[in-house]
Amino acid sequence: GNSVTQMEGPVTLSEEAFLTINCTYTATGYPSLFWYVQYPGEGLQLLLKATKADDKGSNKGFEATYRKETTSFHLEKGSVQVSDSAVYFCALAYGQNFVFGPGTRLSVLP
Amino acid sequence: NAGVTQTPKFRVLKTGQSMTLLCAQDMNHEYMYWYRQDPGMGLRLIHYSVGEGTTAKGEVPDGYNVSRLKKQNFLLGLESAAPSQTSVYFCASSFSGDADTQYFGPGTRLTVL
């Protein structure tokens, strides 16, 4: 079946540090891939997505590239801010099958 | 636009009680979803709907029922609540399925004693 694996958290960084959150997936066929972010006390909101191999999604300084050969969709940001503190979810969608990873909590210290 | 709203925000039930969670969206989306979020497990899909009058089972449907009588509303029912249903429930909607962005409500925190 389809599945998503994310790096274990929590991740704690200092402001302006480089961020990488790893995400790998298992899927039959070619799914669409997403990163969602959840700020404290709120629902999830889309951060970025990619729908086919080699696509790069980007938003608010975050980037992720759909790598079919390594079945990965790692999230990166060059310089994190305190306001980026949140839980980040990697997810895939294939047909009517929607799978979310367990989430990675990021804390950014000033 | 309010987006996706959920009612209630918090609820405490005793084992065996029933309740209905209401989700409403004002974006004219065809697809609607109910998820539960448990620590360390991400979101798991309970039921979803691809249009008014339709429903389908997701990954964890047991113990829940749903209805989509109106396009803008998606109801999640618990007929006989169990402690294992203690969770945070999120509703979401999207214009279409698969690659389309899902828009989430703020969540309902349910505790079953």
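Note that these values count all heavy atoms, side chains included, but never hydrogens, waters or copies made by symmetry. Per chain, numbering begins at 1; letters A, B, ... match sequence-line order.
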Honestly, the part of B/Leu45 sitting under 4.5 Å from a heavy atom of chain A is side chain

Strictly under 6.0 Å, is that where the ring centroids of A/Phe98 and B/Tyr35 end up?
no

Under 4.5 Å to a heavy atom of chain A? For B/Tyr103 that would be neither

Whatever's closer than 4.5 Å to a heavy atom in chain A on B/Val50 counts as side chain

Note to self: More than 12 heavy atoms of other residues, nucleotides or ligands under 6.0 Å from CD of B/Glu79: yes or no?
What the structure shows: no

With a cut-off of 6.0 Å (strictly less than), are more than 12 heavy atoms of other residues, nucleotides or ligands near OH of A/Tyr30? no

- Over 12 non-hydrogen atoms of neighbours within 6.0 angstrom of CD in A/Glu69: yes

Across all chains, not counting sequence neighbours, the side chain to side chain contact (heavy atoms under 4.5 Å, CB included) partners of A/Thr26 are A/Ser3

Applying a strict 4.5 Å limit to non-hydrogen atoms, the region of A/Gln6 in contact with chain B is neither

State plainly whether one hydrophobic cluster holds both B/Tyr31 and B/Val4, where clusters connect Ile, Leu, Val, Met, Phe, Trp and Tyr through side-chain heavy atoms under 4.5 angstrom apart.
no

Side chains of B/Gln102 and A/Tyr36 in contact at under 4.5 Å (non-hydrogen atoms): yes

When hydrophobic residues are tied together by side-chain contacts of less than 4.5 Å, even through go-betweens, does A/Leu44 share a cluster with B/Tyr33?
yes

For A/Phe89 and B/Gln37, the nearest pair of non-hydrogen atoms, with its separation, is CZ-NE2, 3.2 Å

Comparing A/Glu42, A/Gln38, A/Gln45 against chain B, the one with the most heavy-atom pairs below 4.5 Å turns out to be A/Gln38

